[in-house]
Amino acid sequence: MQELAIAVGVILKADVPIGESVTIMGEPSQLSRMILNLVTNGIYYTPSGGMIIVTLNYTEYHALIRVQDTGIGIAPEEQTRIFDRFYRVQSDRSRGTGGAGLGLSIAAAIAHTHRGNLKVQSQLGQGSLFIIELPLN
Ligand SMILES: Nc1ncnc2c1ncn2[C@@H]1O[C@H](COP(=O)(O)OP(=O)(O)OP(=O)(O)O)[C@@H](O)[C@H]1O
Ligand SMILES: [Mg+2]
């Protein structure tokens, strides 16, 4: 994804613990699709000069993948609707991109089929944080 990030002028970073393995059970192509959908959104909905950071952590029972951006943010009343199929926030802020409104519904469905979940925390104009929680193997 670095190429896309460079093209739109944002910094994409990963912070993943080296030397510690975090093992989950799942379908690799679906899991990478889920993460790619979130990183793509981070890149598209962050104005140039911003940053997207992907981190991996874990708790006793779960792996936690966080995709955080310094982008346009999502209003509280939109934060549940963005996971609906074909839903896109209708405003000048996101008109520039031509997405279908499917990326987050696919990402959430993949998280759920892996007995995990996908949550968002966001503030309009400040940025967004998407957290994927997946059961450890
Ligand atoms: N990181 C983000 N920052 C701000 N708004 C976001 C972010 N991620 C998603 N959104 C909002 O949620 C909507 C739904 O996202 P989703 O990924 O499902 O669809 P999309 O990006 O519009 O199209 P695509 O199907 O190509 O992914 C987006 O249109 C956008 O309005
Ligand atoms: Mg998308």
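Every number for a ligand or one of its atoms is a count from 1 in the order of the listing. For clarity, every value in this text was computed on a predicted model and none was experimentally measured.
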Within reach of ligand 1, part of [X] (heavy-atom separation under 4.0 Å):
{"X": "D69", "value": "side chain"}
{"X": "T46", "value": "neither"}
{"X": "L104", "value": "both"}
{"X": "Y87", "value": "backbone"}
{"X": "A100", "value": "both"}

Atom CD of residue position Q123 - does it have more than 12 heavy atoms of other residues, nucleotides or ligands inside 6.0 Å?
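No - once you tally the heavy atoms of other residues, nucleotides and ligands closer than 6.0 Å, there are 12 at most.
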With a sphere of 6.0 Å drawn around OH of Y58, does it hold more than 12 non-hydrogen atoms of other residues, nucleotides or ligands?
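For Y58, atom OH is not crowded (no more than 12 foreign heavy atoms under 6.0 Å).
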Approximate separation, where rounding is to 0.5 Å, of [X] [atom1] and [Y] [atom2]:
{"X": "D15", "Y": "I53", "atom1": "CG", "atom2": "CD1", "answer": "5.5 Å"}
{"X": "H62", "Y": "I24", "atom1": "NE2", "atom2": "CD1", "answer": "11.0 Å"}
{"X": "I74", "Y": "T80", "atom1": "CD1", "atom2": "OG1", "answer": "11.0 Å"}
{"X": "Q79", "Y": "R81", "atom1": "CD", "atom2": "CZ", "answer": "12.5 Å"}
{"X": "L12", "Y": "E3", "atom1": "CG", "atom2": "CD", "answer": "12.0 Å"}
{"X": "E78", "Y": "D84", "atom1": "CD", "atom2": "CG", "answer": "10.5 Å"}

[X] N/O to ligand 1 N/O under 3.5 Å:
{"X": "F130", "result": "no"}
{"X": "N41", "result": "yes"}
{"X": "L102", "result": "yes"}
{"X": "V89", "result": "yes"}

Residues S29 and E27: side-chain donor-acceptor under 3.5 angstrom
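Yes, because at least one side-chain N or O of S29 sits under 3.5 Å from a partner of the opposite role on E27.
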Just which atoms of ligand 1 are under 4.0 Å from any heavy atom in [X]?
{"X": "G103", "value": "16 (P), 17 (O), 18 (O), 19 (O), 24 (P), 25 (O), 27 (O)"}
{"X": "I74", "value": "4 (C), 5 (N), 6 (C), 7 (C)"}
{"X": "I72", "value": "4 (C)"}

May I ask you to check if any N/O/S atom from Y44 comes under 2.8 Å of the Mg ion (ligand 2)?
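No.
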Does N41 form a side chain to side chain contact (heavy atoms under 4.5 Å, CB included) with F130? I'd like the steps, not just the answer.
CA-CA 10 Å; N41 281 349; F130 286 84; 5.5 Å; no
Of all the heavy atoms in N37, does at least one lie under 4.0 Å from an atom in ligand 1?
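No, that is not the case, since the closest heavy atom of the residue is not under 4.0 Å from the ligand.
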Look at ligand 1 and say whether G73 reaches it with a heavy atom at a distance under 4.0 Å.
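Under 4.0 Å: yes for G73.
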